[in-house]
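Data block below; observations after.
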Amino acid sequence: MSNRSGTMRRIIIRAIVIGAASLAFHAQFQDRALGRAGDQLRAEGQTSPEQIERWQALAARSAGPLSVAWNKRTGTPESILGEIYRPMAVDAESAARRFLAEHAVLFKMKSEMDDLALERSFESVLGRHVVFQQNYRGVPVYGAQTAVHFNQAGTIVAVNNSYLPGIELESVEPRLSESDAFDGVRHLLPRNSRAEAEGDLVVYDVDGTSRLAWRFTVATAGPTWEMFVDAQSGDLVGQPRDINRYVSGTGQVFRVNAVVATHDNTLRDNNDAASAVPSSAYMIVTLLGLNNNGFLDGQYASSSKTKRRASSASNTFVFDRGDDGFSETMGYYYIDYAERYIQTSLGFANVNNRQQVFAVNRLKQDNSFYSSSSKQITFGLGGVDDAEDAEVILHEYGHSIQDNQVPGFGSSHEAGSMGEGFGDYWGASIGAQFSGGFQDTCLAECLDGTKHYPEDIDGEVHDDGEIWSAALWQIRGSIGPVAADKVIVAAHFLLSRTASFNQGANALVTAAMSLGYTSAQVSSIRTILQNRGFTVTV
Ligand SMILES: [Ca+2]
Ligand SMILES: [Ca+2]
Ligand SMILES: [Ca+2]
Ligand SMILES: [Ca+2]
Ligand SMILES: [Zn+2]
C-alpha cells in the first residue's frame with residue numbers, strides 16, 4: 001500500500017512537470033488504480049497534488065465519468081462535465097450550495113458560502129441552471145461566477161467556476177468617487193468618443209493582483225468602451241477595451257469608381273442611371289464591424305446622416321448606382337477599409353479610431369466636405385454622386401484623419417493646401433490597392449504633375465495642394481506604399497494647425513528618421529521634397 005502510494009506520488013509530480021497531456025494520463029491511470037468508474041476521466045490544465053486528491057474524492061462519488069479543466073492561477077476546477085452528483089431532494093439553489101459546500105476545499109471557497117449571491121436561476125431544455133456571483137465584503141468580484149447545471153432528473157452535469165480564492169484588500173471603501181475616478185481617465189479615450197460613463201465598484205483581478213476598481217462602460221456612437229480605474233490610486237488598470245460584438249455583412253461597391261473599375265475614361269453619369277455603368281464595374285465585398293442593427297452603422301463608419309437609409313436585417317447591402325444605398329455602402333466600405341489599414345498595416349492605434357459619420361444624399365451640389373465642428377462627412381449629389389467614388393470618399397476621410405491628429409489642421413493657406421494634397425494622395429494610395437495600377441485621367445494629371453514651390457502657388461488650396469500631393473506620390477514611388485503612407489501619417493503629429501509647406505517637408509524627413517527608416521529612404525524623401533522647391537534642413 002505504501003509502496004503503491006509512493007509510486008503514485010512520483011507519477012503525480014512528474015505529470016505536473018510534464019504538463020496537461022501527462023496529467024490527463026495520470027488522472028486516468030490513478031482513477032483506474034483506485035478501482036473506480038471513470039475510464040474516460042480527462043484532465044486539462046494543472047493543479048497541485050493536494051488538489052488532485054480532493055478531485056479524486058469528488059470523482060469517486062460521481063455518477064459517471066467526468067472531465068475536468070483546472071484554472072492555472074487558482075488551481076481550482078474551472079470546468080467539470082459529466083454526471084457529477086446525484087439528485088438531491090431539495091431545490092436547485094440549495095442543492096448547488098450543498099454540492100459546493102461539500103467540496104469547498106477543492107473549490108477553495110468559504111464553507112459557509114456567504115460570499116456567493118444567487119445571480120440567476122433558469123430553466124432550459126437541459127434542465128435548471130444556477131449561477132452565483134462572488135462578492136468580496138459585499139463588492140462584486142468582476143468576472144467571478146460559479147454556475148451549477150442540473151439535468152431534468154436533477155443530476156449535476158456541469159460546473160463552471162471562476163471563483164477567486166484568497167482576496168485580501170485593506171479596504172472596500174473607495175478613496176475616489178465614481179465621477180472623480182472617471183474625470184482622471186476620460187482623456188485616455190480615443191478623441192471624439194468621449195461620452196458619459198456608467199460606473200460600478202468591483203474587485204478587479206488582473207495579473208494576479210486584486211484591487212478595488214471602478215468599472216466604467218462608455219457607450220459612444222461607435223465602440224462601447226470598458227475601462228477599469230483603481231478606486232484608491234486613480235490609475236487606469238489595463239487599456240480601454242471595445243466590448244461591442246460586431247458582425248460582418250455583404251456589400252456591393254465599385255472597384256474604386258466606375259472609371260477605374262472599367263478602365264474606361266469615357267463613361268458618363270447619365271443622371272445616375274444604373275445602365276450607364278456595366279455590371280463588371282461592381283464587386284461584392286465583406287462589410288466588417290457592423291453593429292448588426294440593420295443599418296450601415298459600425299465600429300469605424302456610419303451612414304446615419306443619410307436620408308431614407310438603406311436597411312437589411314441580414315446585413316446585405318447589394319445595390320447598383322441607381323439606388324442611394326449603393327453610395328452608403330461605398331462610404332461604409334472604404335472608410336472602414338482605410339481605418340483598418342491605418343490600425344493594422346500602418347500600426348497607428350490612435351489615428352481616427354472612432355466612428356466616422358457621413359451622409360450621401362443631403363447636398364445637391366457637386367461637392368463634398370468634412371466638418372471639423374461636427375466631425376462628419378457630407379457627400380454631394382451633383383454630377384456623379386461623390387460617394388460613388390472611393391477617391392472622393394478617401395479624400396474627405398483624409399481631412400478627418402488630419403483633424404483627428406491635429407485638431408483644426410489647415411488653418412493657414414499652406415496647411416490647408418497640404419490638407420487637400422494629402423487627401424488626394426490618400427485617395428490615390430488606398431485606391432491603388434484596388435485599381436491594379438490604372439489611374440483615371442484626373443488622378444494622373446494631379447499626382448504626376450510638375451508644379452514647383454513657390455512659383456506655381458496660385459492661392460487656391462486645391463490647386464496648391466497639387467504641389468504637395470505630387471511630392472507625396474513621388475515618395476510613395478520611391479520607398480513603397482506602406483512605408484510612404486506610414487511616414488506621411490506619422491509626420492502629421494509633428495505639425496501645428498497652421499504649418500507651412502517647409503515645416504511639412506521637414507516634418508516628413510524628421511518622422512522618417514524617427515521611424516528608423518534607412519538612410520537611403522530618408523535621403524530619397526529629402527531629395528524629392530527639395531526638388532519640389534521646399535527648404536529642407538534636417
Ligand atoms: Ca449623377
Ligand atoms: Ca445615386
Ligand atoms: Ca448625381
Ligand atoms: Ca460629383
Ligand atoms: Zn478636400
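As the structure lists them, so they are numbered: ligands from 1, and atoms in each ligand from 1.
- Within the 4.5 Å cutoff, no side-chain heavy atoms of Leu288 are placed close to those of Tyr333.
- Using a cut-off of 3.0 Å, one finds that Val384 contributes an N/O/S atom close to the Ca ion (ligand 4).
- Closest N/O/S atom of His395 to the Zn ion (ligand 5): NE2.
- Among the atoms of His462, no N, O or S atom is found under 2.8 Å from the Zn ion (ligand 5).
- Draw a line from the Ca ion (ligand 4) to OD1 of Asp386 and another to O of Gly382, and the angle between them is 130° (to 10°).
- Under the 3.5 Å distance criterion, the side-chain polar atoms of Gln356 are left unmatched by any main-chain donor or acceptor of Tyr300.
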Evaluate the criterion salt bridge (Lys or Arg N to Asp or Glu O under 4.0 Å) for residue pair Arg321 and Asp385; output intermediate values, then yes/no. CA-CA 9 Å; Arg321 68 186 295 266; Asp385 298 357; over 6 Å; no
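- Under 3.0 Å from the Ca ion (ligand 4) lies an N/O/S atom of Asp366, whether from backbone or side chain.
- Panel note: side chain Asn270, backbone Ala273; no donor-acceptor pair is recorded below 3.5 Å.
- In the displayed structure, Asp207 atom CG is contacted under 6.0 Å by at most 12 heavy atoms of other residues, nucleotides or ligands.
- The atom name of the N/O/S atom in Glu420 closest to the Zn ion (ligand 5) is OE1.
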